[in-house]
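One structure below.
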There are 2 protein chains.
Amino acid sequence: MKKKPAAEPAPVDRRQDLVAAAYQQIARLGFEGLRTRDVAAAAGVNVATLHYYFPTKEALIGDVLKHAMQRFRSTMPASGSPSEQLRNHFAGIRRLVREEPELFAVMGELALRSARDPAIRDLYQQTTNIWQSTVRGLLAKAVRDGLVTGSRNLDAQASLVVSALTGASMIPLSRPARLNETIAELERSLGLN
Amino acid sequence: MKKKPAAEPAPVDRRQDLVAAAYQQIARLGFEGLRTRDVAAAAGVNVATLHYYFPTKEALIGDVLKHAMQRFRSTMPASGSPSEQLRNHFAGIRRLVREEPELFAVMGELALRSARDPAIRDLYQQTTNIWQSTVRGLLAKAVRDGLVTGSRNLDAQASLVVSALTGASMIPLSRPARLNETIAELERSLGLN
DNA sequence: TTCTGTCGATCAATCAGTTGATTGAGGCAG
DNA sequence: CTGCCTCAATCAACTGATTGATCGACAGAA
């Protein structure tokens, strides 16, 4: 009665469901509040089933981590002139914060945990390193094309961009407008207007 | 043998010791790894003694929160011209990150937790609101005195400062130089050189 | 039959918080 | 001073609840 065992057209990917459930749980309650039972229940299965797909809780977290990082990389710029790409990147983050705030809650949790957990640190740092050098590369190209008011220090500019976006997206804001203001001022200071 | 019961000049403030122990524990392991027994042991007392001073774990965390926030406010600028105060503020944070990194680990934990815990949210947001408006006030004064290259939007500039410093200090950095670069670029973009 | 997926039941470990007892310092009456 | 009382502070041991993980059973598909 509680489940139709057969004739299910979409065979539901349990693995994916469990990762998604854990992801939501972390977004709402942090790692502190992550319970295997709750994750299993949210995915509509028994705890034992969770352990059928993931040997340990850590293994499940590993998959959540991969999922979050991959999701985050989708904000990386793609096409257009360098300064357009930068503006699109900023707009992409702004949109993602609005439409998918859970991602940044999870990213924040992962960022803090990366200080203690080597497995998380590797993937997290890899992602932010790519981020930083991507921004730096775009700034370099933009300067070369004479599109922005170039500073002498591209590393410093890229660091400011990454720091500001990190701080404004991953940390809960007391001032709701802060993200928009931060991005606006970032664009101004880079001469992207 | 382990303690001189009488004639003790410093009668050890247990309450303070317990808060300090919890503070260090959070800095090292996050809220996830905060165990009342470990805190008590680190303070050299029994769990029951901890509960003698703090009715619950939450009450203990409350005192840790107050301690951390008060500590953080010590970076707030004090004297000098507006632009000097801003530079001093940045230097103060840079120094504190170097000399007392635990504070920012704890601040990061509290910041994330503030999204779920109303008790933490109140104090945390109050602190960041004061921070933001202090920076904004200094920028306003600096512009009035003609000391910096003023932008039209002081709120946006203050938001960038707060976002960038938050992101560069509370989130573990993959790129160690990022904090210095961020501050340097912040000063440049505000015309503080 | 055998393999895959699922579940109810259960275990061992861990945790926050409690209980009852002990210790030592200070007050104070004799 | 001495003996008695009180009380803040402390501890060892326990409780009740929760948690991650495991086991054996069982159903359906191949």
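Keep in mind that the numbers below use all heavy atoms, side chains included, and drop hydrogens, waters and symmetry copies. Keep in mind the model is a prediction, meaning the values are calculated, not measured. Chain naming here is simple, since letters A, B, ... match the order of the sequence lines and numbering starts at 1 in each.
Taking 4.0 Å as the cut-off between side-chain N and carboxylate O, A:Arg188 and A:Glu185 count as a salt-bridged pair. Of the charged side-chain nitrogens involved, none lies within less than 4.0 Å of a carboxylate oxygen, so that B:Arg178 and A:Asp155 do not count as a salt-bridged pair. Comment: B:Arg28 does not engage B:Glu102 in a salt bridge, judged by the lack of any side-chain N to carboxylate O separation of less than 4.0 angstrom. The pair A:Glu100-A:Arg71 meets the salt-bridge criterion, with a side-chain N (NZ, NE, NH1 or NH2) lying under 4.0 Å from an Asp/Glu carboxylate O.
Minimum atom distance to the side chain of B:Arg14 is reached by D:dT10, of the listed C:dA16, C:dT6, D:dT10. Nearest to the side chain of A:Thr49, among D:dT19, C:dC7, D:dT10, sits C:dC7. Of the candidate nucleotides C:dT19, C:dG5, D:dT10, C:dT19 has the atom lying nearest to any side-chain atom of B:Ala48. Considering only side-chain atoms of A:Lys57, the nucleotide from D:dA21, C:dC7, C:dA16 that sits closest is D:dA21.
A sub-4.0 Å separation between OP1 or OP2 of D:dG20 and a side-chain N or O of A:Thr36 is present.
Rounded to an integer number of Å, the gap from CG of A:Asp38 to P of D:dT18 is 11 Å. Between the P atom of C:dC15 and the CZ atom of B:Phe31 lies a distance of 17 Å, rounded to the nearest Å. The separation between A:Arg35 atom CZ and D:dA17 atom C1' is 12 Å, rounded to whole Å. A:His51 has its NE2 atom 14 Å from the C1' atom of C:dT10, to the nearest Å. For A:Leu50 and C:dT4, the CG to P distance is 19 Å, given to the nearest whole Å. Rounded to whole Å, the distance from CG on B:Asp17 to P on D:dA9 is 14 Å. Following rounding to the nearest Å, A:Tyr52 (OH) and C:dC7 (P) show an atom-to-atom distance of 13 Å. Distance, B:Glu32 CD to D:dG20 C1': 14 Å, rounded to whole Å.
Contacts of A:Tyr53 with the nucleic acid, taken as non-hydrogen atoms under 4.0 Å apart, involve only primed sugar atoms and P, OP1 or OP2. Across all strands, A:Leu34 comes closer than 4.0 Å only to sugar-phosphate atoms, never to a base (heavy-atom distances).
Heavy atoms of other residues, nucleotides or ligands lying less than 6.0 angstrom from CD of B:Glu58 number more than 12.
Two residues, B:Asn46 and A:Arg37, neighbour DNA chain D, and the one matched to the more 5' nucleotide by heavy-atom proximity is B:Asn46.
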